[in-house]
Visitor: 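Can you read through this structure? Questions will come right after.
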There are 2 protein chains.
Amino acid sequence: MTKFGQDLIESANEALAIALGKAKPARTITVETVDVAAIRKRLGLSQDAFAKKFGLSAATLRDWEQGRRQMDRTAQAFLKVIDRAPEVVEKALKAA
Amino acid sequence: MTKFGQDLIESANEALAIALGKAKPARTITVETVDVAAIRKRLGLSQDAFAKKFGLSAATLRDWEQGRRQMDRTAQAFLKVIDRAPEVVEKALKAA
DNA sequence: GATCTTATACGGCATTGCCGTAGTCTGGTC
DNA sequence: GACCAGACTACGGCAATGCCGTATAAGATC
């Protein structure tokens, strides 16, 4: 079985436990999905190139795309802006 | 003496120690300064309003402005963009 | 003085940021 | 087929942050 498959099952079990009141949600966050990989691929950039262009750490980007870490609110907001106005972001950062 | 004054002195002593080779830098980062409070005040917003408008956590914003926490790379990049194109950012986030 | 707003200060813990590195896959070149 | 380089996945690991809450201070308005 793939790792993704295992993760899915784990998540499902956890969700069930929470629903049954047997477990508490680790945190309550709005489940807004920001698909970094999708945004990046739409821009036709490698992970390293994307990270460099938008001032991110390549390591952190990796963690996000691999589902190892959750983006915090700041990152989510930033990624949305990158998604909608990548060129503006790029220019703003170049003007540093 | 103000807290800011104390911080300054502490930082100076630490920098000296590092320069003398008596201490290691906690981390090597580019010392790019992003003054959140300045950006926010220029926009005429309270901490809460600023946080809400740009999708940040008010608690995190507080920590940054109080010098309690260091902004990570993502946050620094984002803040620069907010600094240079606040309206674009705002619109991009509204279009969620 | 009473009240409201805004900002500072800080305890606290789960979770992330970021570094490094090993392994896999694909496409190109010899 | 063997080999190399670029891109991605996977993950150990620790210092540091994210985010919550709350108590206190300073300024404005009544």
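Since the model is a prediction, treat every value here as computed from it, not as a measurement. Chain A is the first sequence line, chain B the second, and so forth, proteins listed ahead of strands; every chain is numbered from 1.
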Visitor: Among all residues two or more places apart in sequence or in another chain, which pass the side chain to side chain contact (heavy atoms under 4.5 Å, CB included) test with Ala59(A)?
Guide: Ser57(A), Arg62(A)
Visitor: Hey, is the side chain of Trp64(B) poking within less than 4.0 Å of OP1 or OP2 on dG18(D), counting only N and O atoms?
Guide: yes
Visitor: Looking for any heavy atom pair under 4.0 Å, which part of the strands does Asp63(B) touch: base, sugar-phosphate only, or nothing?
Guide: base
Visitor: Do the side-chain N or O atoms of Thr74(A) get closer than 4.0 angstrom to the phosphate oxygens (OP1, OP2) of dG18(D)?
Guide: no
Visitor: Quick check: on DNA chain D, is the nucleotide nearest Asp72(B) upstream (toward 5') of the one nearest Arg62(B), or the reverse? Name the residue that is more 5'.
Guide: Asp72(B)
Visitor: From the options dC19(C), dT8(C), dC19(D), select the nucleotide whose nearest atom is closest to the side chain of Glu65(B).
Guide: dT8(C)
Visitor: Which residues satisfy the side chain to side chain contact (heavy atoms under 4.5 Å, CB included) test with Ala75(B), sequence neighbours excluded?
Guide: Thr74(A), Trp64(B), Met71(B), Asp72(B)
Visitor: Quickly work out the Phe50(B) CZ to dT6(C) P distance and round it to whole Å.
Guide: 16 Å
Visitor: Rounding to a whole Å, what distance do you find between Arg40(A):CZ and dC8(D):P?
Guide: 5 Å
Visitor: Should Val81(A) and Phe54(A) be marked as a side-chain contact (heavy atoms from CB on, under 4.5 Å) after you check the CA-CA gap, both sets of side-chain angles, and the distance that decides it?
Guide: CA-CA 11 Å; Val81(A) 178; Phe54(A) 297 115; over 6 Å; no
Visitor: Report the distance from atom CZ of Phe78(A) to atom P of dG17(C), rounded to the nearest whole Å.
Guide: 14 Å
Visitor: Of the nucleotides dC19(C), dC10(C), dT9(D), which one has an atom closest to the side chain of Gln47(A)?
Guide: dT9(D)
Visitor: Any side-chain heavy-atom pair from Phe78(B) and Val34(B) closer than 4.5 angstrom?
Guide: no
Visitor: Please report, rounded to the nearest Å, how far the C1' atom of dC19(D) is from the NZ atom of Lys52(B).
Guide: 15 Å
Visitor: Rounding to an integer number of Å, can you tell me how far Gln66(B) CD sits from dG11(C) P?
Guide: 12 Å
Visitor: Enter the distance from Leu79(B):CG to Asp83(B):CG here, rounded to the nearest 0.5 Å.
Guide: 8.0 Å
Visitor: Taking only side-chain nitrogens and oxygens of Ser46(B), does any of them come within less than 4.0 Å of OP1 or OP2 of dT5(C)?
Guide: no
Visitor: Would you say Arg69(B) reaches dA9(C)'s phosphate, i.e. side-chain N/O to OP1/OP2 under 4.0 Å?
Guide: no
Visitor: Taking CG from Asp48(A) and P from dC18(C), how many angstroms apart are they, rounded to a whole number?
Guide: 14 Å
Visitor: I need the NZ-P distance between Lys41(B) and dT6(C), as an integer number of Å.
Guide: 14 Å
Visitor: Side-chain N or O of Thr60(B) versus OP1/OP2 of dC19(D): is the shortest distance under 4.0 Å?
Guide: yes
Visitor: Between P on dT16(C) and CE on Met71(B), what's the gap in Å once rounded to a whole number?
Guide: 19 Å
Visitor: Base of dG12(D), side chain of Arg68(A) - is there a donor-acceptor contact under 3.5 Å?
Guide: yes
